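Remember, predicted model here, so these are calculated numbers, not experimental data. Below, read A as the first sequence line, B as the second, and so on, with proteins coming before strands; counting in each chain starts at 1. Computed over heavy atoms, backbone and side chain alike; hydrogens, waters and symmetry mates excluded.
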Amino acid sequence: MSNVRVRFAPSPTGMLHIGGLRTALYNYLFAKHHGGAFVLRIEDTDQKRYVAEAEEDIIKSLNWAGMTIDEGPGKNGNFGPYRQSERSEYYQKYAAQLIQQDQAYYAFDTTEEIEDMRARLQKSGNPSPKYDAITRMSMKNSLTLPADEVNRRMESNEDFIVRLKVPRRETIRFEDEIRGFVSFESQGLDDQVLLKSDGLPTYHLANVVDDHLMEITHVIRGEEWLSSAPKHILLYEYLGWKPPKMAHLPLIMSPKGGKLSKRNAEELGIPVNVRDYVKGHYEPEALINFLAFLGWSPGDDREVFSMDELIKEFSLERIGKGGAIFNHSKLIWYNEHFLRSIPEDELLPRVKLQADEAGYAGFTDDYLKQVILLMKERASLLPEFIIHGAYFFEEPKEYDEKTVKKAWKENTPELVGLFRDQIAELDDHNFKATEIKQRLSAIVEEQGIGFGKLMQPVRLAVTGIGFGPDLFETMELLGKDKVISRLDNAVENL
RNA sequence: GCCGCGUUCGUCUAGUGGCCUAGGACGCCGCCCUUUCACGGCGGUAGCACGGGUUCAAAUCCCGUACGCGGUACCA
């Protein structure tokens, strides 16, 4: 396939959503797989819901995730401008053409009048009243009003909209790349608004005009668009254009049911905005890999892919049809996986930043690197190096209750004291894991007790909690002074 | 309600009529490793929504039912 061009066309009504990122990803993978172009188009035709910061957030999020756009706002290709608010002339032009062809018309009805019509029809037994081939003839529009009145209304700047003249009975059939042939009866469609009274186009018109003008070959979008696809097909037909291939992606669902929305996701502690994943220090590769597998699979048992591998393997045919529930724990698994594959040197600056933010200053790179080495197998998310390893940076502020109960017995202070005195005799340069362990073992043997009887209390005293990396390595890294003082503190306070 | 789309372990999925007594991964459980926790290794748990066809043979094809989801705006 050559000259593939796809677009990601978000509406800047808020921060980029995780579902939007997946749509972008599938578009990106498809484009790159075919050596085609990935276009970003900003669909800012809804003035009421417009959010100024959204566009920047979208671009930043895409970049963070490793997707670079080939064309878009700030990256002009030959098909700009890439914001729909800057393309008004095109929509006006093609709306006018449709009117001239008698495939669209002006309408002057107020919202109340339309509501009245619906209410009236509903009362008389029509369960789903529409502004359609039948009802349009009893409304105020350029099909029912005399020409001079239409002109008068337009000239006196009265509000008007342009509606698509949907045929009364026609079967609209098209082939979806994921679902196969889908067909709709035009009876079920209403006379879609094409141009709103503010002069801006609705999604349907803008989308069709732009996809054509931008020479988009494949429209890959969420399943929520499937029902409006027939309207788009009609528009392509009337405008005399060949429709692009269409692929409607299965939706990402909430574990609670329904499509994953801001509300039902946040209730479950699932971050919804890409920005939240950035702030939460997720690895972009993990999110991408996870998202790619939400609705797609390579067909074999491989699970971990880089972006390049995804590009190589991706195909529309391998996308599933059913909605996929967002599985947070699998994402975490991916994150752990990628986190562990990052070399210490690369992790260092990032962990350092985390330490700084937590107010842990004055630690050398060498020290930090040791912490990373010790903590790496234990962290799921980057911030956990610091959160779960706080004792590498400060004295334990408190002691974990459960562990205290389990490990700190009556004779413990005495044992810990014994251990303290033993290691106090070690020179600074001899304060090594093996040496420390030897001392502890000696006491355990001498006292005839289990290893854990002493090790657990020491761990508790030094770290405040009952789990963590090798205790002796930890103590070596902490250094003699800190260890001794923590041991003393614990004996005194527990 | 109407229109459309879906439905394989709890979850993501493999499966395109015989290779399926349905494979992998996450989760969960157990064992091993480790005198902690994790990592790692090994093993276990659990699924073709239901009912009819078609066929020598159906998770796979057809019809129906149920359930889920989407749409039904001068929002995208």
Determine the contact category for A:R179: base if any of its heavy atoms lies under 4.0 Å from a base atom, sugar-phosphate if only primed atoms, P, OP1 or OP2 are that close, otherwise nothing. sugar-phosphate
Applying a 4.0 Å non-hydrogen cut-off, can you work out what A:Y203 is touching in the nucleic acid: base, sugar-phosphate, or nothing? base
Say we look at B:G71 and B:C75: how far apart would their P atoms be, to the nearest angstrom? 16 Å
Identify whether any heavy atom of A:G222 sits under 4.0 Å from a base atom; if not, whether one sits that close to sugar-phosphate; answer base, sugar-phosphate or nothing. nothing
Determine the interatomic distance between C1' on B:G17 and the same-named atom on B:U55; round to the nearest Å. 9 Å
Once you apply a heavy-atom cut-off of 4.0 Å, does A:K48 come out as touching a base, just sugar-phosphate, or nothing? sugar-phosphate
ring-ring contact (aromatic ring centres under 6.0 Å, His included) with A:F305: which of A:F293, A:Y334, A:F338? A:F293
With both distances under 3.5 Å as the test, what is the Watson-Crick or G-U wobble partner of B:C20? none
Does some side-chain heavy atom of A:T135 sit less than 4.5 Å from a side-chain heavy atom of A:D191? no
Classify the nucleic acid contact of A:N289 as base, sugar-phosphate or nothing, counting any heavy atom under 4.0 Å across all strands shown. nothing
Taking atom P in both B:G51 and B:A59, compute the distance separating them and give it to the nearest angstrom. 13 Å
So A:R318, base contact, sugar-phosphate only, or nothing? Heavy-atom distance under 4.0 Å. sugar-phosphate
P spacing across the pair B:G10 / B:A46, given as an integer number of angstrom: 10 Å
If we call it a pair only when both distances are under 3.5 Å in a Watson-Crick or G-U wobble match, what pairs with B:C31? B:G41
Hey, is A:K262 close enough to A:E266 for a salt bridge, meaning N to O under 4.0 Å? yes
Please give the distance between the C1' atoms of B:C42 and B:G47 as a whole number of Å. 24 Å
C1'-based separation of B:U8 from B:U60 [nearest Å]: 11 Å
Which part of the nucleic acid does A:D46 contact within heavy-atom distance under 4.0 Å: base, sugar-phosphate only, or nothing? sugar-phosphate
Carboxylate-amine/guanidinium proximity below 4.0 Å for A:K432 and A:E435: no
RNA chain B: 5'-proximal contact among A:V182 and A:S441 (nearest heavy atom): A:V182
Applying a 3.5 Å limit to both distances, which nucleotide forms a Watson-Crick or G-U wobble pair with B:C75? none
Using a heavy-atom cut-off of 4.0 Å across all strands, would you classify A:K437 as base, sugar-phosphate, or nothing? sugar-phosphate
Nearest-angstrom distance, P atom, B:C61 to B:G43: 33 Å
Using a heavy-atom cut-off of under 4.0 Å over every strand shown, decide if A:S227 touches base, sugar-phosphate, or nothing. base
Opposite nucleotide pairing with B:C67, Watson-Crick or G-U, both atom distances under 3.5 Å: B:G6
Using a cut-off of 4.0 Å on non-hydrogen atoms, how would the nucleic acid contact of A:L471 be classed: base, sugar-phosphate, or nothing? nothing
Is the gap between the ring centers of A:F290 and A:H328 under 6.0 Å? no
Go through the structure and list residues passing ring pair (Phe, Tyr, Trp, His ring centres under 6.0 Å) with A:F160, not counting sequence neighbours. A:Y106
Hey, are the side chains of A:K482 and A:F392 touching, using non-hydrogen atoms and a 4.5 Å cut-off? no
Go nucleotide by nucleotide along RNA chain B from the 5' end; which of A:P469 and A:L294 gets its closest nucleotide reached first? A:L294
Positional range of nucleotides in RNA chain B within the contact set of chain A, heavy-atom, under 4.0 Å: B:G1 to B:A76
Whole-angstrom distance between B:C33 and B:G6, as gauged at atom C1': 46 Å
Just call it for A:E303: base, sugar-phosphate, or nothing, with non-hydrogen atoms closer than 4.0 Å on any strand. base
Pair assignment for B:A25, Watson-Crick or G-U wobble, requiring both distances under 3.5 Å: B:U11
Searching all strands shown, indicate the nucleotide that pairs with B:A59 (Watson-Crick or G-U wobble; both distances under 3.5 Å). none
How long is the span from the CG atom in A:L195 to the CG atom in A:L205, to the nearest 0.5 Å? 6.0 Å
Under 4.0 Å, heavy atoms only, any strand: does A:K259 hit a base, just the sugar-phosphate, or nothing? sugar-phosphate
More than 12 heavy atoms of other groups within 6.0 Å of A:E86 CD: yes
Describe the nucleic acid contact of A:T13 in one word from base, sugar-phosphate, nothing, applying a heavy-atom distance below 4.0 Å. nothing
By the 4.0 Å heavy-atom rule, please label A:G258 as base, sugar-phosphate, or nothing. sugar-phosphate
